[in-house]
Structure formats: C-alpha cells, structure tokens
Amino acid sequence: MSEFTPTIGIEVHVEIKSKSKLFSSSANTYGMATNTAVNVIDLGYPGTLPTVNKEIVRQGVRTAHILNCDITRRMHFDRKNYFYPDNPKNYQITQNRTPIGRNGYVEIEVDGVKKKIEIEELHIEEDTCKSAHRGNVSLLDFNRAGVPLIEIVTKPCIKNGKEAMAYLTKLKELLFYANISDCKMEEGSMRCEPNISISKDDSFGTKVEVKNVSSIHNVGLAIDYEIKRQEEMLNNGETIKEETRRFDDKQGKTILMRVKETGNDYRYFIEPDIPYLKLTDEFINDSLRSLPLLPDELRNKYSKVGLNLLQIEKLINNRSLNDYFLGLLEYKTNYVTAVNLLLSDISSYLNKHNKVITDTHLSYEKLVNVVEALESGELSNKNVKDLINSFMENDLTLEELKKDFKIENITDDNFIKEVISKVIENNSDSVNDYKKGHDRALKYLMGQVMKETKGAVNPKKASAMLIEVLNK
C-alpha cells in the first residue's frame, strides 16, 4: 500500500445544445466548412455588443438541478483577460464570482461502495475559436468561437482513476439524458482536465494539470500514471513542479507541455456590456418542466416492469431504443419479451442497415402483436428472424406477413404431446442419458421434436412440455 495520499479534482467543459451561440445569433453547430458559422461578434470586432442567449441560461439551470447544486438567483458575467491567438477579443466572457450553480454532487458506486463526488461550482462561458497548427503557421476556425460551454468543477475529493471514470461516466449519462449536451468527446463537446497531487498527510501536494484528455478511459489511465510518476519522483528526492501535461495514449503516459512559473492573473472584472441576471422562481420552474426522466429514474421504472440489470443498462446505453421502449410502456404487453426483441433481432437489423428505430415502420401495435404471437406459440424465434426485414420496412400487419411467408405454426397441445411421446419412444438411450444428468441429451431430443414438426412448433413451448414429460 502506498504511503502517499492522492488528491484529485476534475474540470469538465461541455458544449451546450442550442440553436445559436452564447452571445450571438451564429449557428451553434459542428462540422460546417471552416469560418462559415461566424459573425462580427464571434470575430471580436470593436463596437459589437453581446446579447445573452436565454436558452443557455435555461440549460444552466437544468444542469445545476440535475447535479444537485444550489442555483444562483442573481448573477453576472465576468471578463477573463488574457492574450492568446484563439481569443481575438483578448478576453473571455465567463462567470467567476457568481457561477450559476454551487455545492452540488454526483453519486457514484465503485466496487459496491457509494460515494458522492462533490461539485464546487458550475459556470457558463463562451468557447474560444479552434487553432490548427501547420508547421510555423497557426490557422484559426471561428466556428467554435462563442459556442456555449458549461464548466463543471469538482472539489478535490477523488482518490484514483477508477473513481474519476465512474464520476465522468455518470456525469456524461446525466448531461446526455437531460438533453444538455451530446457529450461527444471525439468531437470535443466534452473535455476533461484532471488535476492531480499527492502528499503524505492531509495537506495538498503540488498540483499537476493534465489538459484535454480524449476519453473517459484515458482519464483513468492518465490519473493512475500521474500518481505513480509523482510517487517515484518524491521517493527519489525530486521536487514536483506545478505544471501542465498532456496524456499520450499511444505511450500510456503524461508528457510535459509547460511549467507554470507564476500564477495566472486574469484581472477578472464584471462584464460591463451585460446587465445582471435575476432568475425568478417562474423562470427556474419553467426551465425544469421540460426535463425528461433521468437514468436512475429509468432504472427504477424498468426494474418495476421486470427487466433485469443487464437489460436495463443495455437500454440506457442506447438512447433511441430507450426512448422507444419508454413509449411502449403505455401499452400492455410482456415487456421482458419485448426488450429481448429490441436488444437482439431488432438491434441487429438497425446496426446492419445503419438506422435508428424511428427510421423504420415498427409501430408499437405491431411490436405488441409480435410479442403476443411469440408468447402464444403462433410465432417462433426463427419466424421472427425470417420476418424481421419485412416488419421493419413496411406497414403490413403481422397477419398479412404470416400469410405472405406461409407461416402456420402448430399450437395444438395434444398434437405436440403426441410428437413428444413418439420422440421419447424412439430415443430411449437419449432419455436415459437425460435422466443421468447429461444436458446434451435434452438438446438432441428437442432437435428431434423440431425435426418431426418441421420447425412449425414454438421451441420454448415444446421444450417446456418435453421437460415436463421427461421428469414424470
């Protein structure tokens, strides 16, 4: 066990979903041609004035709420002054002294132990433009300038990479389901910067920041590597300097970017071109009214209708299927059978054809009919595989599809029992093997039942009846 205690905090920047940018009418979008989603405010032209996008403030209220923060009722924006090529105004508009949310938490569970990751504050700010370096030349894309961000800052309460990954996974899930951000780390709409220090007592060590880590998994690796690196340095009598590093995922280690010789002096002052904002109860309640069910609420709801943990997690990890299944709960059916279909044959179809479920003709009524047919034995799993393309791609009813595919399954219990009796009589060796505990014998006998019925019997129903007869 290490003699050092790690102390870790994480800053997360997330791009907020909105039609336009934070202080201008330019489109808030990704993937457009370079420097096409811009106007004079984004470019920092002298004499231009910012106008606060009300929807971004609503999104800030929603974020504060889902992260259990105290919402600041009276707030202002601040100027953070610094010179850098991607910041043409020479200042960034942010919230320094009156962040929209304070004192929140996200609850995680690691190795069966629950823990609250405390959130210091979250604030709204504008993004800078994007730099692209080509040899000795730096190119700027102003499409990102002014894109709305929420920065979420934890208290230094994280102890290792595993806790950090659990926190970021839960945070991403909450922000995504609340429709605050798409959280696509590969597109830069969620950026993580852990700050790591170690010490031998309860005091803080020298903080090292790791900038813009590209995935949650890499955040965990970067933190654990940095803890080990700092331990080795201190054990060797070296001094840790306050510095900024980056994580190289190919080498699996952090690499020095720059040493912080002096503290930054951003000369914050209240943004003079934006008046104070006062958030009323009416505005806050109206902002929260549109929040959908969040993942933990969905987990509780799905557990009550009989889904197991694996099914629930698979649904929540697939937003489009989850939203579809949530609508299905308005109908009375066997939800376990329905979700098995969604996660197996239907998911396979969607992946194969690169579609989401709303691109298909699978109505709730049609899915309910398929579930009922499976339960009654009118359809087998093989039938579903045969029909999957047709009932996803056209509006024919299940009865019409069964007629087109000439599906006439055996549902007569007496006939099935006769077939089972015949199979048992003709396969006495396999029957004896089954009674001795050989599982393969049951599979062989079921194969004979399916052969005798030419696959026209529901395997689930026939298997239950076969086992019942064998166990007498």
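FYI, side chains are in, hydrogens and waters are out, and symmetry mates aren't considered; it's all heavy atoms of this structure.
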**OP:** Classify the side-chain pair Arg319/Asn179 by whether it contains a donor and acceptor separated by less than 3.5 Å.
**Re:** yes
Original post:
Are a donor atom and an acceptor atom from the side chains of His13 and Glu125 found within less than 3.5 Å of each other?
Top reply: yes
**OP:** In plain terms, say whether Lys115 and Glu163 are close enough for a salt bridge, that is, a side-chain N and a carboxylate O under 4.0 Å apart.
**Re:** yes
Original post:
Stepwise, does the ring pair (Phe, Tyr, Trp, His ring centres under 6.0 Å) test hold for His438 with Tyr434?
Top reply: CA-CA 5 Å; His438 299 302; Tyr434 170 79; 10.0 Å; no
**OP:** Just do the side-chain hydrogen bond (donor to acceptor under 3.5 Å, both in side chains) check on Ser320 and Asn318 with the steps written out, would you?
**Re:** CA-CA 6 Å; Ser320 63; Asn318 188 319; 3.1 Å; yes
**OP:** State plainly whether the residues Asp286 and Arg58 are in salt-bridge range, i.e. N to O under 4.0 Å.
**Re:** yes
Subject >> Side-chain ion pair, Asp224 and Lys228, N-O less than 4.0 Å >> reply: no
Original post:
Of the options Arg74, His123, Met75, Glu121, which is the one that meets Thr98 in a side chain to side chain contact (heavy atoms under 4.5 Å, CB included)?
Top reply: Met75
Original post:
Looking just at side-chain N and O atoms, do Tyr331 and Glu365 make a donor-acceptor pair shorter than 3.5 Å?
Top reply: yes
**OP:** Please determine, by modelled atom types, if Glu120 and Thr154 share a side-chain donor-acceptor pair under 3.5 angstrom.
**Re:** no
Original post:
Do Glu393 and Tyr349 get their side chains close enough for a donor-acceptor pair, meaning under 3.5 Å?
Top reply: yes
Subject >> Under 3.5 Å side-chain donor-acceptor pair for Ser344 and Asn340 >> reply: no
Original post:
Side chains of His361 and Asn394: is there a donor and an acceptor less than 3.5 Å apart?
Top reply: no
Original post:
Do Ser214 and Asn212 have side-chain N/O donor and acceptor atoms under 3.5 Å apart?
Top reply: no
Subject >> Non-hydrogen side-chain atoms of Ile198 and Thr5 separated by less than 4.5 Å >> reply: no
**OP:** For the residue pair Asn322 and Tyr302, confirm or rule out a side-chain donor-acceptor distance under 3.5 Å.
**Re:** yes
**OP:** May I ask you to decide whether Asp78 forms a salt bridge with Arg97, counting only side-chain N to carboxylate O separations under 4.0 Å?
**Re:** yes
Subject >> Residues Glu232, Arg229: salt bridge by 4.0 Å N-O rule >> reply: no
Original post:
Glu15 and Ser181: side-chain donor and acceptor closer than 3.5 Å?
Top reply: no
Original post:
Which word best sums up how the rings of Tyr324 and Tyr364 line up, parallel for under 30°, tilted for 30 to 60°, or perpendicular for over 60°?
Top reply: tilted
Original post:
Strictly by modelled atom types, are Asp182 and Ser189 linked by a side-chain donor-acceptor pair under 3.5 Å?
Top reply: yes
Original post:
Are a donor atom and an acceptor atom from the side chains of Thr128 and Asn87 found within less than 3.5 Å of each other?
Top reply: no
Subject >> Lys116 to Tyr105, cation-pi by 6.0 Å centre distance and 45° axis angle >> reply: yes
Subject >> Under 3.5 Å donor-acceptor, Ser24 side chain and Ser26 backbone >> reply: yes
Subject >> Heavy-atom donor-acceptor pair, Glu372 side chain to Asn369 backbone, under 3.5 Å >> reply: no
